[in-house]
Amino acid sequence: MKEKIETLLRDTVSGLVADGLLPQIDPQGVSVSIPTNKEFGDFATNVAMVTASRAKKRPRDIAEIVKRSLETHSDLFERIEIAGPGFINISLNPALWVNELKDIVGQRENYGRSTYGAGKKVQVEFVSANPTGPLHIGHGRGAAVGDTLARILAAAGFAVEAEYYINDIGNQMNNLGLSVLVRYRELYGQTVPFPENGYQGDYIRDIALVMREIHGDALLAAEEPEAIGICREYAAETILQGIREDLALFNVHFDHWFGESSLYRDKKVEASLEALAREGLSYEEEGALWFRTSRFGDEKDRVLRKKDGSLTYFAPDIAYHKDKLDRGFAKIIDIWGADHHGYVPRMRAAIEALGASPDCFHALLIQLVSLVRDGSPVSMSTRSGEFVTLREIIDEVGKDVARYFFMMRRCDSQLVFDLDLAKKKSDENPVYYIQYAHARICSILKNAADQGLSPDTFAIDLSLLAAGEDLELIKTLATYPDTIVSAAADLEPHRIAFYLLDLATAFHRFYNRNRVITENVPLTMARLVLVDAVRQVLCNALALMGIGAPESM
RNA sequence: GCGCCUGUAGCUCAGUUGGAUAGAGCAACGGACUUCUAAUCCGUAGGUCGGAGGUUCGAAUCCUCUCAGGCGUACCA
């Protein structure tokens, strides 16, 4: 709804500029907001104040000009007032609000979708955890945020691809293979010092047991590199399979799994290094190969190939991002843990060096998640294998609660995951609060159906809803499409979580003050449409977050 | 040292591109079920938006400085 008003206002202002009544201003700068105080109407705009100094007129005089022009659309507005220093406060004709219900009930699960993104290709890459161990709680936040953001962008009209980058090659993988091999040898009574950077979790022992079942003692006699290779391949495959299962259970969907090893296989790492050299963007010094990232705003140049001849992590990552650009994405969104923030400038530099605009690259940094149980923090450390897995969280509190909790904060704010609160089936738990609203509506609709009440939206007098709490509820519904657009534009998926809370609150308030099914048949019919629309929007927004909408609780 | 993030009610947090009297939830206190699910609602109370300057019609929001917490500053990944 806000979008519509904004468009109308821009057209009006453009018209006034053309007529010489207003100075030349950028129509994109014209915006409307929803006032905090309801007495100021449905929407407010500050055009008059923004243009006053350029127009060399008083804000209230400009506001008067705009107001008169808007008033030619007498069917749209109930009231237009100038207030304060020059705000133009606009109240819509309630009929417009009420008509929104027809859109909702007519479009069903498509309500809220828009063409804002104009079909532009966007890629969201997230989780991308090394297949060296199960996903932990930090990955869970990245998974929930990334998956929700991908769904939001799709709803906003972008062509979205969700991708998982698998680091299936390199030192970490060798460490994994070695860790398994050491545990395997222990099974045969050999005491081998555990590797310094080895993985200590119990899952490594489990895999070693399987290796014994498959190979017997054959790996004891094998050459070590070969034995490590065998352990590595099996462990990586098993762990990755576990990751896929956890993500599926978490209702997180990927369109594409991209293996780092394919970059080497397809000579893309080599090619991108050559490309940098050709452009004079790399140089040899002290036996290493350097990339001139400082030329693109990084604080220092970065090493691509180390003195020992092996490549840094950065080198294939450049090739990977070149591949993303080659696939034609207009927007590349990488979701990383905030501890990688130092990596952003060099990646941005790489994007620019590859000939793309650095603006097409967005690194979304997810701050730390800590866990609280029984009121005290749970200590976690990946290296020692003492961490709480995503799977454990899902098993303990359920997929829906976990997903919502991970979305309860802005990405750049640290998150405390309170297990006690997450398990509480009470009003303190926002997930149940929201789902309960949905279940209540389903119950009403079921009662109505049992009584043979089946409203035909387009034959019902919805104008009965054009006042009071009914109208308030409709207004909350109508901000849903705007919320999606703003969440997509600013890459802030948590706004959907907060919107859901707002809508559930508005519904519960309505429910406690009004009865839907009464003797008044026309009003009953209209309100059945209203609550059905609320149910639909709750359902749609929950779906964006990958959370279920139970029909009874 | 330098860089990034955070600092808003007792606690946990929202706050669209700078807008009008800064909002929720929890906790506290007082109310509401013969009525479609009380996992709900209503009311009361609670604030120097960490601090100090600046920018302008107007700042929680932008700039500078400063304090506190977290993270990062690899020829690790």
Side-chain angles (χ1 to χ4, degrees), chain A residues 2 28-31 33-37 39-40 44-46 49-50 52-53 58-59 83-87 89 130 132 167 170-173 175 197 286-290 299-300 302-308 310-314 317 337-345 365 367-368 370 408-416 418 421 424-437 439-448 450-451 482-483 485-487 489-490 492 494-495 497-498 501-502 504-505 507-518 524 527-528 531 552-553:
Chain A
K2 195 177 117 182
Q28 290 304 315
V30 175
S31 66
S33 60
I34 297 173
T36 45
N37 191 332
E39 288 168 25
F40 297 142
T45 177
N46 57 359
M49 289 176 292
V50 173
S53 63
R58 285 179 306 184
F87 288 104
N89 292 334
N130 294 353
T132 54
N167 300 107
N171 288 339
Q172 297 308 314
M173 298 309 293
N175 266 334
N197 294 321
E286 295 175 16
L289 180 67
W290 297 74
E299 57 187 15
K300 53 174 281 204
R302 305 292 172 175
V303 170
L304 295 166
R305 189 171 52 236
K306 296 176 255 180
K307 231 182 317 197
D308 68 4
S310 66
L311 296 174
T312 60
Y313 177 82
F314 189 32
D317 217 13
D339 54 342
H340 287 72
H341 73 252
Y343 200 72
V344 176
L365 300 172
Q367 289 289 339
L368 196 83
S370 55
M408 280 200 307
R409 300 276 178 278
R410 253 166 44 229
C411 292
D412 38 17
S413 198
Q414 295 190 2
L415 171 73
V416 178
D418 184 339
L421 175 60
K424 243 181 230 173
K425 296 202 153 103
S426 76
D427 54 346
E428 291 173 58
N429 192 326
V431 186
Y432 296 126
Y433 181 85
I434 294 162
Q435 290 183 326
Y436 185 54
R440 271 184 152 175
I441 296 171
C442 289
S443 178
I444 296 171
L445 295 175
K446 185 177 177 302
N447 283 331
D450 290 347
Q451 294 174 39
D482 301 326
T483 303
V485 169
S486 94
D490 301 334
E492 295 205 338
H494 73 280
R495 287 186 196 168
F498 284 91
L501 215 46
D502 278 350
T505 302
F507 171 74
H508 285 309
R509 180 186 296 128
F510 169 85
Y511 181 92
N512 272 277
R513 293 182 183 176
N514 303 281
R515 217 185 140 71
V516 174
I517 301 170
T518 62
T524 297
R527 282 189 168 156
L528 283 172
V531 297
S552 67
M553 287 174 72

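Side-chain proximity of A/Y511 to the nucleotides B/U16, B/A39, B/A38 is greatest for B/A38. Closest contact between the side chain of A/A439 and the listed nucleotides B/A20, B/U16, B/U37 involves B/U37. Among B/C75, B/U37, B/A39, the nucleotide with an atom closest to any side-chain atom of A/R440 is B/U37. Set against B/U40, B/C13, B/C36, the side chain of A/Y433 has B/U40 as its closest nucleotide. The side chain of A/Y436 has B/U40 as its nearest neighbour among B/C36, B/U40, B/C75. In this structure, of B/A77, B/U16, B/C36, it is B/A77 that holds the atom nearest to the side chain of A/N130.
For A/P35 against A/A44, the heavy-atom pair with the smallest separation is CG-CB, 3.8 Å.
A/T36 comes within contact range of the sugar-phosphate backbone alone, with a heavy-atom separation under 4.0 Å but no base atom that close. If you check every strand for non-hydrogen atoms under 4.0 Å, A/R513 touches sugar and phosphate atoms only. Using a 4.0 Å heavy-atom distance criterion, A/Q435 is classed as making no nucleic acid contact. When heavy atoms are screened at a 4.0 angstrom cut-off, A/D339 is found touching the sugar-phosphate backbone but no base atom. Using a 4.0 Å heavy-atom cutoff across all strands shown, A/H340 reaches at least one base atom of the nucleic acid. If you check every strand for non-hydrogen atoms under 4.0 Å, A/F314 touches nothing. Within the nucleic acid shown, A/D450 has no heavy atom closer than 4.0 Å to any nucleic acid atom. Residue A/S443 is classed as a base contact, given a heavy-atom separation below 4.0 Å to a base. A/R410 comes within contact range of the sugar-phosphate backbone alone, with a heavy-atom separation under 4.0 Å but no base atom that close. If you check every strand for non-hydrogen atoms under 4.0 Å, A/A489 touches nothing.
Of the possible donor and acceptor atoms, one in the side chain of A/H341 sits under 3.5 Å from a partner among the backbone N and O of A/A338.
A straight line from CG of A/D502 to P of B/G25 spans 10 Å, rounded to a whole angstrom. The NE2-P distance, from A/H508 to B/A39, rounds to 10 Å in whole Å. Rounded to whole angstrom, the span from the CZ atom of A/R409 across to the C1' atom of B/G7 amounts to 14 Å.
Put simply, A/F498 does not rest on the base of B/A14: the two rings are not both less than 5.5 Å apart at their centres and under 30° in tilt. The aromatic ring of A/F87 does not stack onto the base of B/G19, failing the criterion of a centre distance under 5.5 Å from the six-membered base ring together with planes under 30° apart.
Looking at which nucleotide of RNA chain B each of A/R515 and A/N89 is closest to, the 5′-most match is held by A/N89. Along RNA chain B, the nucleotide closest to A/R509 and the one closest to A/E39 are compared, and the more 5′ of them pairs with A/E39.
With its glycosidic angle within 90° of 0, B/C33 is assigned syn.
Between A/Y343 and A/Y313, the angle of the ring planes lies from 30° to 60°, which puts this pair in the tilted group. The aromatic rings of A/H494 and A/F498 lie perpendicular to each other, with more than 60° between the two planes, well past the 30° mark.
Separation of the C1' atoms belonging to B/U17 and B/U21 is 23 Å when rounded to the nearest angstrom. B/G46 sits 11 Å from B/A27 when the C1' atoms are compared, rounded to a whole Å.
Surrounding CD of A/Q451 are more than 12 heavy atoms belonging to other residues, nucleotides or ligands, all under 6.0 Å away.
Considering only heavy atoms from C-beta on, A/L365 comes within 4.5 Å of A/V344 through its side chain.
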